[in-house]
2 protein chains.
Amino acid sequence: MATNVTAEPAALGRKRDHSLDAKIMDATLEILAEVGLTGLTMDLVAARAGAGKATIYRRWTSKNDLVIDAVEHLKRIQVDLEDLPDTGTLRSDLLGLGKPLSLEETEQRLKSMAGLASLLSQGQTFADAVNAAVIQPWAEAHLTLMQRAAGRGEIAADADLGTLCQILPAMAAYRSLVQRQPFNQEFLLSMVDGVLLPALRR
Amino acid sequence: MATNVTAEPAALGRKRDHSLDAKIMDATLEILAEVGLTGLTMDLVAARAGAGKATIYRRWTSKNDLVIDAVEHLKRIQVDLEDLPDTGTLRSDLLGLGKPLSLEETEQRLKSMAGLASLLSQGQTFADAVNAAVIQPWAEAHLTLMQRAAGRGEIAADADLGTLCQILPAMAAYRSLVQRQPFNQEFLLSMVDGVLLPALRR
DNA sequence: CAGTTCCGATACTGTTTGGTATCGTATCTA
DNA sequence: TAGATACGATACCAAACAGTATCGGAACTG
């Protein structure tokens with residue numbers, strides 16, 4: 001939770017520039033993607049954000065606080081759960097959700113995942129933040145698409161949706177993080193047509 | 001590659017104690033699992049291994065060298081590719097390969113994966129070492145089982161085995177690393193019966 | 001205009017840590 | 001027995017870095 005939750009006091013003096021909050025968190029995530037937690041320093045973050053360290057420490061009490069906030073901030077840019085595809089068939093919905101990335105976007109996503117992965121061994125708080133901010137939104141999105149399909153009678157009502165909704169997010173994460181390859185249209189098609197749809201239609 | 005590849009010179013003096021090599025690498029992996037690369041220090045490794053830092057630096061030129069060697073050392077204890085299950089059916093083979101873990105083993109595996117994940121943002125050398133040592137052996141094992149099944153006519157000869165052999169290793173890694181839950185018998189059954197076999201039998 | 005608060009740049013402190021050096025002891029060979 | 005090499009404990013050096021302090025200027029309110 002960001003530290004600026006208190007009601008604003010009687011406000012003399014210069015106003016806090018809240019646009020800096022996002023710039024600092026974005027800079028944190030960029031550097032995390034580039035060099036992992038080991039290489040992330042407050043000087044680097046400050047330089048990248050174009051802010052002073054005093055400005056950062058005025059908002060966050062520690063480096064760890066900043067990193068956790070930055071990861072939680074990611075949630076808002078993963079997937080819009082209010083605006084999921086709704087094309088009438090599960091296949092089209094799934095293909096519409098996994099939008100293809102350019103080579104540059106893929107490379108960036110790959111580094112981003114690796115940076116986030118470096119947090120997983122830093123304790124439960126970090127791991128929970130990564131899961132909640134990055135993984136859960138995608139699983140939730142897939143679950144919604146599959147529940148709609150079950151409602152249409154398109155898939156077996158007793159399919160284990162709890163497991164199946166995790167397949168694509170898991171394969172996406174695995175492919176980018178471990179295999180360091182793009183989660184491209186070709187792979188998406190092979191996953192949807194070759195694994196998911198057969199599994200759902202039994 | 002360990003640094004002791006040179007032919008032994010005329011050997012006066014005390015012999016090198018090669019049992020220390022494995023102890024040091026094991027200590028490295030234990031600490032990596034516990035605190036990730038950020039928290040791994042040479043003093044901790046030396047203390048855990050019961051060795052001196054001079055002893056470590058006599059074998060490896062740097063901390064990075066040691067970590068990479070230790071990860072490569074893991075390959076030997078992942079899965080024995082010469083001794084895979086061969087029960088006559090793919091289902092039994094798959095269930096036999098994914099041997100169930102105790103709660104303690106699961107917890108240990110989870111930490112181990114998180115520690116390895118912390119290496120993925122440290123550059124290509126580290127990422128390649130993790131992939132080669134941990135991920136590839138399991139994918140190879142699954143590929144072998146599936147190729148046997150195709151040979152028996154048990155699955156479609158045109159199935160995308162390159163992708164399908166990655167599913168279980170990916171889900172195992174994802175489950176432990178990201179969801180921080182055990183890859184237990186229940187989950188294995190649900191993956192094999194609910195996803196893999198249906199996907200293979202189309 | 002005075003007072004307050006925020007800003008970025010910079011200096012600073014204390015601690016950590018990779019890697020090296022030293023030393024006494026142990027273990028070897030000739 | 002002399003000489004060579006490995007060992008673990010410890011001290012040490014240099015560099016890095018989290019976090020704090022200071023300062024001049026900017027942006028605000030009363």
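In the text below, chain A, chain B and the rest are named by the order of the sequence lines, each starting its count at 1.
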When all nucleic acid strands are considered with a 4.0 Å heavy-atom cut-off, which category describes [X]: base, sugar-phosphate, or nothing?
{"X": "B:A46", "answer": "nothing"}
{"X": "A:L66", "answer": "nothing"}
{"X": "A:I56", "answer": "nothing"}

Nearest-Å distance for atom pair [atom1]/[atom2], residues [X] and [N]:
{"X": "A:K15", "N": "D:dG25", "atom1": "NZ", "atom2": "C1'", "answer": "17 Å"}
{"X": "B:W60", "N": "C:dT20", "atom1": "CH2", "atom2": "P", "answer": "15 Å"}
{"X": "A:N64", "N": "D:dG19", "atom1": "CG", "atom2": "P", "answer": "7 Å"}
{"X": "B:M42", "N": "D:dA9", "atom1": "CE", "atom2": "P", "answer": "15 Å"}
{"X": "B:H18", "N": "D:dA6", "atom1": "NE2", "atom2": "P", "answer": "10 Å"}
{"X": "B:R16", "N": "C:dT29", "atom1": "CZ", "atom2": "P", "answer": "16 Å"}
{"X": "A:R58", "N": "D:dA21", "atom1": "CZ", "atom2": "P", "answer": "13 Å"}
{"X": "A:Y57", "N": "C:dA9", "atom1": "OH", "atom2": "C1'", "answer": "16 Å"}

- Item | 5'-most by nearest nucleotide on DNA chain C - A:D43 or B:T41 | A:D43
- Just by distance, with hydrogens left out, do B:T163 and B:D160 show a side-chain donor and acceptor under 3.5 Å apart? yes
- Polar contact flag, side-chain donor to acceptor under 3.5 angstrom, B:T41-B:D43: no
Give a yes/no on whether any side-chain N or O of [X] is located under 4.0 angstrom from OP1 or OP2 of [N].
{"X": "B:R14", "N": "D:dG3", "value": "no"}
{"X": "B:K63", "N": "C:dG18", "value": "yes"}
{"X": "B:T55", "N": "D:dG8", "value": "yes"}

- Message: Taking the minimum atom-to-atom distance to the side chain of B:L12, which one of C:dT29, C:dG19, D:dG8 wins?
- Response: C:dT29
- Item | Donor-acceptor pair under 3.5 Å, B:K53 side chain vs C:dG19 base | yes
- Counting distance only, does the side-chain N/O of A:E154 pair as donor-acceptor with the main-chain N or O of A:T89 below 3.5 Å? no
- Task: Using a 4.5 Å cut-off on heavy atoms from C-beta on, say whether the side chain of B:V45 contacts that of B:K53.
- Result: no
- Query: With a 4.5 Å heavy-atom cut-off, do A:R91 and A:L196 have their side chains touching?
  - Reply: no
- Note on the structure: The answer to which of A:A54 and A:G39 contacts DNA chain D further toward the 5' end, by nearest nucleotide, is A:G39
